[in-house]
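In what follows, every heavy atom counts, from backbone to side chain, and hydrogens, waters and symmetry copies are set aside. Residue numbers start at 1 and run along the sequence shown. Just so we're clear, the structure is a prediction, and the values are computed from it rather than from any experiment.
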Amino acid sequence: MKKRLIRVREEDAAALAILGREIWEEHYTSILGPEQVAYMVREFQSEPAVLHQMREEQYVYWFFTVDGARAGYLGVQPKEDGSLYLSKLYIAKRFRGLGLSRLALNFLMGWCAARGLSKIWLTVNKYNDGSIAAYEALGMKRVRDQVADIGGGFVMDDYVYEIDVPEGGTK
């Protein structure tokens with residue numbers, strides 16, 4: 001089984017949005033409800049949102065591929081404080097359990113080290129038990145709670161997790 005990360009180009013934004021909607025509707029509807037999922041897909045995972053993030057907010061995206069099939073995606077945003085915000089790590093259900101999260105973290109450790117970034121952090125919904133377990137298995141530590149108003153009458157009730165980037169970028 002060949003697992004890879006492939007950089008997303010602007011012309012790939014529509015395909016990323018389609019995959020994002022599939023993953024979000026399947027995974028998050030039971031956690032957030034259909035209205036909030038629809039809002040978040042439109043505002044944060046749609047083709048216009050992704051293009052805006054890439055062009056205006058310095059986001060970088062990669063597709064996960066497994067034997068050439070798109071299995072999910074990863075989206076990050078370097079921050080001025082020397083950290084990397086891991087904004088999006090989404091894997092389609094049929095590809096979960098294949099080590100793609102570990103692949104992503106190992107890749108990002110090297111990517112951060114090459115850019116002088118010292119820490120990777122993310123937010124995860126407090127009720128997203130599977131993702132929390134995966135992040136903890138990767139060595140990430142819960143550092144605080146966070147409630148963020150995301151507009152549309154919705155909030156995200158999250159934990160913030162982080163991990164330090166070791167010297168040289170390897171764990």
Peer 1: Give me the atom names and distance for the closest heavy-atom approach of D81 to S83.
Peer 2: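 Minimum heavy-atom contact is OD1-OG, 2.6 Å.
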Peer 1: At their closest point, which heavy atom of R70 faces which heavy atom of A15, and how far apart are they?
Peer 2: NH1-CB, 3.1 Å
Peer 1: Check whether any side-chain heavy atom of Y61 sits under 4.5 Å from a side-chain heavy atom of L16, and report yes or no.
Peer 2: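 With C-beta onward as the side chain, the pair touches.
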Peer 1: K88 versus Q45: any side-chain heavy-atom pair under 4.5 Å?
Peer 2: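 Result yes, sub-4.5 Å side-chain heavy-atom pair found.
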Peer 1: Please check: side-chain N/O of K3 versus main-chain N/O of L103, any donor-acceptor pairing under 3.5 Å?
Peer 2: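 No.
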Peer 1: With heavy-atom distances below 4.5 Å as the criterion, would you say the side chains of V50 and D12 are in contact?
Peer 2: no
Peer 1: So with a 6.0 Å cut-off around CZ of R4, is the heavy-atom count from everything else above 12?
Peer 2: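 Open: at most 12 neighbouring heavy atoms sit under 6.0 Å from CZ of R4.
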Peer 1: Under 4.5 Å between any side-chain heavy atoms of L122 and M140, yes or no?
Peer 2: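 Side chain of L122 against side chain of M140, heavy atoms only: contact under 4.5 Å found.
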Peer 1: In this structure, would L138 and L86 fall into the same cluster of hydrophobic residues linked by side-chain contacts under 4.5 Å?
Peer 2: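 The answer is yes; both residues are in one hydrophobic cluster.
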Peer 1: Within this structure, what is the CZ-OG distance for the pair R96 and S101, rounded to the nearest 0.5 Å?
Peer 2: 9.5 Å
Peer 1: Do you know the tightest heavy-atom contact between P166 and M109?
Peer 2: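 Looking at all heavy atoms of both residues, the closest pair is CD-SD, 3.5 Å.
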Peer 1: Do side-chain atoms of D149 reach the backbone of V155 as a donor and acceptor pair under 3.5 angstrom?
Peer 2: no
Peer 1: To the nearest 0.5 angstrom, please state how far the OG1 atom of T123 sits from the CZ atom of R144.
Peer 2: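 Result: 9.5 Å between the selected atoms.
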Peer 1: May I ask you to test the E57-Q77 pair for a side-chain heavy-atom distance under 4.5 Å?
Peer 2: yes
Peer 1: On a heavy-atom basis, which atom in V165 and which in A113 lie closest, and how many Å separate them?
Peer 2: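 In terms of heavy atoms, the two residues are closest at CG1-N, 4.1 Å.
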Peer 1: Quick one: are the ring centres of W62 and Y73 less than 6.0 Å apart?
Peer 2: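 No - the distance between ring centres of W62 and Y73 does not fall below the 6.0 Å cut-off.
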Peer 1: Indicate yes or no: at least one non-hydrogen side-chain atom of W111 is less than 4.5 angstrom from one of L117.
Peer 2: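 The answer is yes; the side chains approach within 4.5 Å.
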Peer 1: Run K126 and D145 through salt bridge (Lys or Arg N to Asp or Glu O under 4.0 Å) and show every step you take.
Peer 2: CA-CA 9 Å; K126 289 179 181 176; D145 294 8; 3.3 Å; yes
Peer 1: Decide whether Q36 and Y28 meet the rule of one side-chain donor and one side-chain acceptor closer than 3.5 Å.
Peer 2: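 Q36 vs Y28: no donor-acceptor pair found between side chains.
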Peer 1: Within a strict 4.5 Å, meaning less than it, do heavy atoms of the S131 and H27 side chains meet?
Peer 2: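 Of all side-chain heavy-atom pairs linking H27 with S131, at least one is under 4.5 Å.
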Peer 1: Look up atom CD1 in I91 and atom CG in L89, then write down how far apart they are to the nearest 0.5 Å.
Peer 2: 5.5 Å
Peer 1: To the nearest 0.5 Å, what is the distance between CD1 (I150) and CE (M156)?
Peer 2: 6.0 Å
Peer 1: Describe, in one word, how the ring planes of Y159 and Y161 are oriented to each other, choosing from parallel (under 30°), tilted (30 to 60°) and perpendicular (over 60°).
Peer 2: perpendicular
Peer 1: Drop me the distance from I120's CD1 to K79's NZ, to the nearest 0.5 angstrom.
Peer 2: 14.5 Å
Peer 1: Determine the minimum heavy-atom distance between R7 and V60, stating which atoms define it.
Peer 2: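 Minimum heavy-atom separation between R7 and V60: NE-CG1, 3.1 Å.
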Peer 1: Applying the 4.5 Å side-chain criterion to the ILVMFWY set and letting contacts propagate, would F107 and L105 be lumped into a single cluster?
Peer 2: yes
Peer 1: Would you indicate whether the side-chain heavy atoms of L5 and F63 approach each other to under 4.5 Å?
Peer 2: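 No, side chains not in contact.
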Peer 1: Could you state the interatomic distance from CG (L74) to CD1 (I6), rounded to the nearest 0.5 Å?
Peer 2: 12.5 Å
Peer 1: Would you check if the side chain of D158 reaches a backbone N or O of N125 as a donor-acceptor pair within less than 3.5 Å?
Peer 2: yes
Peer 1: Parallel, tilted or perpendicular: which describes the rings of Y39 and F154, with under 30° parallel and over 60° perpendicular?
Peer 2: tilted
Peer 1: Looking only at the aromatic ring of each residue, does the gap between the centers of W24 and Y90 stay below 6.0 angstrom?
Peer 2: yes
Peer 1: Does one hydrophobic cluster hold both M54 and F64, with members joined at side-chain heavy-atom distances below 4.5 Å?
Peer 2: no
Peer 1: One pair to check against salt bridge (Lys or Arg N to Asp or Glu O under 4.0 Å): R55 and E10. What are the steps and the verdict?
Peer 2: CA-CA 9 Å; R55 293 172 179 163; E10 286 187 14; 3.0 Å; yes
Peer 1: Begin from the C-alpha positions of E26 and R21 and carry the test salt bridge (Lys or Arg N to Asp or Glu O under 4.0 Å) through to its verdict.
Peer 2: CA-CA 8 Å; E26 176 272 316; R21 184 177 58 248; over 6 Å; no
